[in-house]
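What follows is a short report on a single structure.
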Amino acid sequence: MAAFPSRRFLGLHLSDGIRPGNLVASMVMAFAATMIITFLPAAQPILLAGVLDGHGADQGRVVALLAAAAEIAMILTLPWYGALADRFGRRPVVVTGFALCGLSSLLFPYAGNVTVLVVLRVVFALGVAALNGMLATVAIDYVRDRSRSKSYGLIGLFSGLGAMVAVLGLVRLPSILERNLGEGSGGGVEAAADATRYSFLIVALITLAAAALMWFTLSRVRVDAASARIPLARLVREGLTLARDPGVALSYAASFVARADLSIVAAFLPLWVVVHAVREGDMTTAQALARGGIVVGVAQTVATFTAPLFGWLGDRLRRQDAVLVAQALAAAAYLSTLLVGDPLGSGIMVVAALIGLGEIAAIVTAGPLLAQQVPPAVRASAYGVQTLCGAVGILVISTVGGLLFDSWPAAPFAVAGVAGLLVVAFGLAVRRRIVPLPQELGAQLPEGGPELGAQGPGRP
């Protein structure tokens, strides 16, 4: 890599060859990627009801099928996307991710049956997998080690803003367009279907425009030229075998819990409020839904605006200690739901704020720890595996918590809290064995020889 003068931008120390415009592009990528990733699940009921004429029972079955297909597609492809990014560069993978999301969004409203809808959902999931892996990788690539937690914090801030725009703005497009279209056509099913199609068209065009913007603004500088000569299968294998390093293993375990925490907030927090309201009979379903949205909004707003704070803190602690503090905070926040007797009371707002803090702390601290433990030549491969661990965590913790939810509504949060405590216990057991990989020793993948998971001083 060519040497460039060291620069600072927004308080971050930029890596060699990275310019301020590249860093701004990474934040735009985080904003746009999270916006489109958040939009589809939120707009999915509108798609089913407005275009496919789904009925209540059918929608539940279809949503479960779509979610399972998407998670399986992500689990199978995440490590390969990381290997592709190490082999061919980050920029082509990012552009491909946006293009797949944009293409599937464009075609979603024209799916005439469930089979086509599942295929398109898988295509969308392939795009999401590419973007999820690259968000973390680019955030690390573009700054020096001393600024990596702060970089993660800024990415978390812009990701949260993208999610807010999706929920507060893009999801309202169908209803806004339906009212306008209905004025001229008398309303009805056709106006609703047209509004949905136009809404998804707008989102698709935004996504494709983001793909084009990323092609011209993300850095073309290769992190490590050696990775271009390494077979893809070996890069995938390296990402997996790196887990023999205790620091990498802790980062993978933290991601397993942190990503599941994010899913639980979106899926089970509003559901808990709605179910309690229906059982107690104090609120209508519509009122309960609004209340649940406020609770989730509190959690996500706190998470969005405290992300830079945890990024700043993460650069002032040892990486493994930052992970332990974050996981302990997240576990305490989720277990605090056991103290909530009435999810419609004011106490739930305090718990929601704590959950938001714990959620973002866990996400922001896991990535920088991984960055200090892996060589640049296989960094994207390692982040692909880390994101894979997050996808598996969502599947496992959400499934277990969901099965227990009907008899114990606080179960998903308790499961997440216990999982966080297990990560803390593991981290305390290995924290003294975690030795950062010196850049000069980990800059390149050795030709032949042992796996990288066994490389570096102080490594088992």
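Note: hydrogens, waters and symmetry copies are ignored here, and every other heavy atom, side chains too, is used. The structure presented is a predicted model; accordingly, all values stated were derived computationally and were not measured.
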For residues G97 and A130, report the shortest heavy-atom separation together with the two atoms involved. CA-CB, 3.7 Å
Gap between atom CZ of F124 and atom CG of L120 - 0.5 Å precision: 11.0 Å
Main chain of T387, side chain of N132: is a donor-acceptor contact present, judged purely on distance under 3.5 Å? no
Is there side-chain contact between L218 and Y142, with heavy atoms separated by less than 4.5 Å? yes
With no hydrogens and no angle check, is any side-chain donor or acceptor of S407 less than 3.5 Å from a backbone partner on L404? yes
Would you say R90 and S219 are linked by a side-chain donor-acceptor pair, where the criterion is simply a distance under 3.5 Å? no
Measure across L338 and W408 and return the closest heavy-atom pair with its distance rounded to 0.1 Å. CD2-CZ2, 3.5 Å
Residues, nucleotides or ligands: over 12 heavy atoms within 6.0 Å of Y198 OH: no
Do the non-hydrogen side-chain atoms of S26 and I155 ever get within less than 4.5 Å of each other? yes
Closer than 3.5 angstrom, by distance alone: can the side chain of T306 be matched with the main-chain N or O of L357 as a donor-acceptor pair? no
Any side-chain heavy-atom pair from I355 and Y334 closer than 4.5 angstrom? yes
Is there side-chain contact between L161 and M35, with at least one heavy-atom pair below 4.5 Å? no
Counting distance only, does the side-chain N/O of Y252 pair as donor-acceptor with the main-chain N or O of L388 below 3.5 Å? no
Can you measure from CZ (F200) to OG1 (T207) and round to the nearest 0.5 angstrom? 10.5 Å
Separation of I394 CD1 from T399 OG1 (nearest 0.5 Å): 10.5 Å
If you look at every heavy atom in A330 and G358, which pair is closest and at what distance? CB-O, 3.5 Å
The reported gap from CG in L205 to CG in L106 (rounded to nearest 0.5 angstrom) is 7.0 Å
The test is side chain to side chain contact (heavy atoms under 4.5 Å, CB included); show your working for L131 and C101 and say whether it passes. CA-CA 9 Å; L131 294 173; C101 288; 4.1 Å; yes
Side chain to side chain contact (heavy atoms under 4.5 Å, CB included) between T365 and V325: does it pass, once the steps are laid out? CA-CA 9 Å; T365 55; V325 170; over 6 Å; no
For the pair D245 and R433, find out whether any cationic side-chain nitrogen is under 4.0 Å from an anionic carboxylate oxygen. no
Is it true that R379 and D86 make a salt bridge, defined as a side-chain N closer than 4.0 Å to a carboxylate O? no
Give a yes or no answer on whether the side chain of S336 reaches the backbone of V351 with a donor-acceptor pair at less than 3.5 Å. no
If we only count heavy atoms from C-beta on, is the P246 to L250 side-chain gap below 4.5 Å? no
Non-hydrogen side-chain atoms of I360 and F310 separated by less than 4.5 Å: yes
Whether R91 side chain and W215 backbone form a donor-acceptor pair below 3.5 Å: yes
Check whether S105 reaches the backbone of A204 with its side chain - one donor and one acceptor, N or O, closer than 3.5 Å. no
Nearest non-hydrogen partners of I434 and P436, listed with the distance: O-CD, 4.0 Å
Shortest non-hydrogen separation from A99 to A211 and the atoms involved: N-CB, 4.2 Å
Between S151 and A139, is there a donor-acceptor pair closer than 3.5 Å when you use the side chain of the first and the backbone of the second? yes
For the pair F256 and V396, evaluate side chain to side chain contact (heavy atoms under 4.5 Å, CB included) and give the outcome as yes or no after the intermediate values. CA-CA 9 Å; F256 178 94; V396 172; 4.1 Å; yes
Taking all heavy atoms of I18 and all of D141, pick out the closest pair and write down the distance. CG1-O, 4.5 Å
Between W272 and F413 (judged by ring centroids, cut-off 6.0 Å), do the two rings come close enough to count as a pair? yes
Quick one: are I206 and F39 in side-chain contact, heavy atoms under 4.5 Å? no
Can you check side chain to side chain contact (heavy atoms under 4.5 Å, CB included) on M134 and Y383, steps first, answer last? CA-CA 8 Å; M134 291 305 98; Y383 276 100; over 6 Å; no
Take R319 and S251 through the side-chain hydrogen bond (donor to acceptor under 3.5 Å, both in side chains) test and state the conclusion after the steps. CA-CA 10 Å; R319 305 295 192 202; S251 178; over 6 Å; no
Would you compute the distance between atom OG of S159 and atom CE of M164 and round it to the nearest 0.5 angstrom? 13.0 Å
Any donor-acceptor N/O pair, S398 side chain to L395 backbone, under 3.5 Å: no
Between atom OG of S199 and atom CZ of F108, what is the distance when rounded to the nearest 0.5 Å? 14.5 Å
Do Q300 and E359 have side-chain heavy atoms sitting under 4.5 Å apart? yes
